[in-house]
Amino acid sequence: MTASLSKQFYTHTENLSEVIRTSIKPLILTDNLVAIDEVTRSLLQLQDVAFIRVFSYDQAILEVNRDTYPQRKFQLDKQLLAATDGYYDVEYIFQVENTAVGKVQVSFSINQQRALLMDANQKLVMTAVVMTTIGLLLTWLLAEQVSNKIQLLEHASNRIAQGDARVTLPLDGHDEIARTGRAFKNMMHQIKEKYEALNLSPDGILIVSAQHLITYTNPALHAMFGTHVKHLIGQTLNEFEQLLLRTIDKRSHETVESLEDLLHLTEFRVHLPDFKVLKCIKKRVNTNDGDAFSEVLYLRDITHESEIDRMKSEFLTTAAHELRTPLASVMGYSELLMVNEYPEEKTKFVADTINRQAQNLKHLVDDLLDIAKIEARSNAVLELNHGNVRQLVKNCCDYIAATSSHCELIFEPDNCAWPIIEFDEHKLEQAVMNILSNAYKYSKQNGIVIVDTVVINQEFDGLSWFGIRITDQGIGMNQAQLSRVGEKFYRADNAGSVPGTGLGMALTCEILALHSGHLDITSQPNQGTQVTLWIPTFEADIKVRGYG
């Protein structure tokens with residue numbers, strides 16, 4: 001009889017141990033103190049449970065007990081009858097990869113069991129057998145029901161841990177298991193919402209527990225430092241700190257020796273192996289009583305913003321320099337006219353110089369304004385029409401040929417019908433004139449400039465392109481110079497012997513981009529340059545980006 005009641009009690013405690021392992025172990029691994037508190041208080045409502053103490057590793061993090069539980073020393077009991085003070089103490093240890101990560105100590109009230117034993121010993125043998133049989137049957141039915149729910153809860157928690165949210169939880173009823181299941185489902189839903197938000201973040205996030213162990217790294221952090229960052233989970237924060245220090249640009253940050261040094265910087269440069277500029281912020285997460293139990297490291301990739309700031313500063317510096325040159329000439333020569341009297345011929349020379357530099361200044365400002373308007377992609381940038389550009393190209397050739405005898409210009413358009421394109425007459429004329437002007441300026445005396453057209457039909461993707469091709473026999477460019485074509489204020493003629501602002505090609509590239517086209521350039525030093533302005537035909541059905 002004693003053995004039967006003891007076995008019944010042991011079965012009850014073992015069933016409860018499954019609930020504890022299933023519900024509390026995942027929460028200890030994630031340091032979710034609030035959820036641990038909710039689950040332990042729910043377990044405390046179970047019959048005979050009088051005291052629960054939860055440990056993370058060897059540190060006690062939570063303790064709850066019934067009001068009737070006395071002040072006593074917790075001492076593990078091996079046999080039910082050995083518990084002489086009315087409480088039976090059990091300890092459940094949680095392990096991950098053979099390493100203890102936490103434990104739970106539970107005290108059961110056995111006063112009721114002891115009373116049953118004493119009363120049972122005074123009963124007749126037959127009555128005891130009948131009552132014991134009935135008791136065991138009821139216990140078996142209850143244990144079977146509880147065990148099935150526990151197994152279902154354990155199976156569901158394992159599925160959820162693997163990322164499968166389509167699981168069934170024991171939610172029906174009003175018993176302790178059902179309430180635990182509902183609390184577990186609500187907790188997992190909230191956790192999933194928060195982790196989905198972290199996974200979608202474009203910035204790297206790393207979470208560290210109170211024991212300084214990494215518990216989470218998001219996909220953005222993997223993209224920054226490589227997928228091997230996943231293996232840092234379970235490692236100390238020092239491992240990630242060493243990774244950062246190995247990738248940091250030592251030339252820019254010679255004095256940085258720790259993660260704390262990086263946190264004091266507004267930005268820092270790393271090689272991953274691509275060059276990146278990062279910003280790191282650390283946030284401590286505290287419990288209600290103010291004790292810190294986790295930290296969050298937030299790493300933002302500000303490479304793009306940093307590059308934009310650098311380009312803005314460089315652009316303003318270059319623009320100021322380019323504006324200063326003609327402005328200095330205008331001011332200098334005008335001051336000479338103000339303080340001196342010159343013969344008419346010299347006065348005319350000075351006035352012509354002032355006018356020429358003022359024109360250069362005006363062209364520079366106009367180009368800057370055109371580029372700013374195009375880059376802003378403001379409405380009304382283009383006034384689009386449908387048609388062919390034969391007359392536009394011919395007008396540009398006639399104008400260049402009439403204003404300069406430096407080179408011979410040959411206009412050889414395609415004899416077939418010119419395709420219909422969608423274009424802004426003024427902007428496209430500006431782009432063609434820029435290329436023609438460069439072809440003349442960079443050609444030798446009596447050189448030849450050829451203007452022709454070409455049409456490409458790409459049958460495999462249904463696209464058709466119309467190209468205006470301009471070929472010269474000028475000084476040409478090497479590969480390094482070709483790679484910088486389109487940069488503002490960049491000129492292949494470093495000596496400055498050829499006049500220009502260095503904005504023409506940048507403006508041409510922007511105009512073609514608005515027409516959903518592109519520029520194609522081939523060149524060899526001292527052998528000339530060939531530039532093709534490609535624009536999609538109207539039949540290609542490509543939406544022109546500049547449409548307001």
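Please read these numbers as outputs of a predicted model, since none were measured by experiment.
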For Thr215 against Leu29, the heavy-atom pair lying closest together: CG2-O, 4.2 Å
Pair Val49-Phe108, side chain to side chain contact (heavy atoms under 4.5 Å, CB included): steps then yes or no: CA-CA 5 Å; Val49 178; Phe108 296 90; 3.9 Å; yes
Polar side-chain atom of Lys103 near backbone of Gln95 as donor-acceptor pair, under 3.5 Å: no
Chi angles and distances behind the side chain to side chain contact (heavy atoms under 4.5 Å, CB included) call for Leu213, Tyr57: CA-CA 12 Å; Leu213 297 178; Tyr57 290 90; 3.1 Å; yes
Close side-chain approach of Tyr298 and Cys280, heavy atoms under 4.5 Å: no
Side chain to side chain contact (heavy atoms under 4.5 Å, CB included) between Ile521 and Met505, worked out: CA-CA 11 Å; Ile521 306 176; Met505 292 302 293; 3.9 Å; yes
Enclosure of Arg66 CZ (heavy-atom neighbours >12, cutoff 6.0 Å): yes
Side-chain heavy-atom pair Tyr216, Thr30 within 4.5 angstrom cut-off: no
Shortest non-hydrogen separation from Asp31 to Ala210 and the atoms involved: OD2-N, 3.6 Å
The single option from Leu44, Asn65, Asp89 passing side chain to side chain contact (heavy atoms under 4.5 Å, CB included) against Phe51: Asn65
Flag side-chain contact, heavy atom, 4.5 Å: Arg269 against Val277: yes
Inter-residue atom distance Ile535.CD1 - Phe423.CZ, 0.5 Å rounding: 8.5 Å
Side-chain touch Val130/Ile134, heavy atoms, less than 4.5 angstrom: yes
Separation of Ser107 OG from Phe74 CZ (nearest 0.5 Å): 5.0 Å
Nearest-0.5 Å distance, CG of residue Leu232 to OG1 of residue Thr217: 7.0 Å
Any donor-acceptor pair under 3.5 Å from Asn218 side chain to Asp203 backbone: yes
Nearest-0.5 Å distance, CZ of residue Phe55 to CD of residue Glu91: 7.0 Å
Salt-bridge criterion met for Arg300 and Glu305 (N-O under 4.0 Å): yes
Least distance between heavy atoms, Pro536 atom then Ser516 atom: CD-O, 3.6 Å
CG-CG distance between Leu245 and Leu262, expressed to the nearest 0.5 angstrom: 6.0 Å
Whether over 12 other heavy atoms sit under 6.0 Å from Gln75 CD: no
Exercise: identify the closest heavy-atom pair between Leu278 and Leu299: CD1-CD2, 4.3 Å
Neighbour count >12 (heavy atoms, 6.0 Å) for atom NE2, His222: yes
Side-chain heavy-atom pair Leu221, Phe240 within 4.5 angstrom cut-off: yes
Contacts of Lys276 that satisfy salt bridge (charged side-chain N to carboxylate O under 4.0 Å, His left out) - sequence neighbours left out: Asp301
Between CG on residue Asp37 and CD on residue Glu63, distance to nearest 0.5 Å: 12.5 Å
Side chain to side chain, Lys282 and Glu260, heavy atoms closer than 4.5 Å: yes
Shortest non-hydrogen contact between Leu43 and Ile24, atoms and distance: CD1-CD1, 3.9 Å
Sidechain N-carboxylate O distance under 4.0 Å for Lys279, Glu267: no
Contact summary for Phe275 and Thr303, nearest pair of heavy atoms: O-CG2, 4.2 Å
Side-chain heavy-atom pair Val256, Phe268 within 4.5 angstrom cut-off: no
Within 6.0 angstrom of Lys250 NZ, more than 12 heavy atoms from elsewhere: yes
Check: Leu237 and Leu206 side chains under 4.5 Å, non-hydrogen atoms: yes
Donor-acceptor pair, side chain of Asp261 and main chain of Ser258, under 3.5 angstrom: yes
Donor-acceptor pair, side chain of His515 and main chain of Ile511, under 3.5 angstrom: yes
Residue pairs passing the ring-ring contact (aromatic ring centres under 6.0 Å, His included) test where at least one lies in residues 246-267, sequence neighbours excluded: none
Candidate pair Val229 and Leu243, rule side chain to side chain contact (heavy atoms under 4.5 Å, CB included), full reasoning: CA-CA 9 Å; Val229 174; Leu243 173 62; 4.2 Å; yes
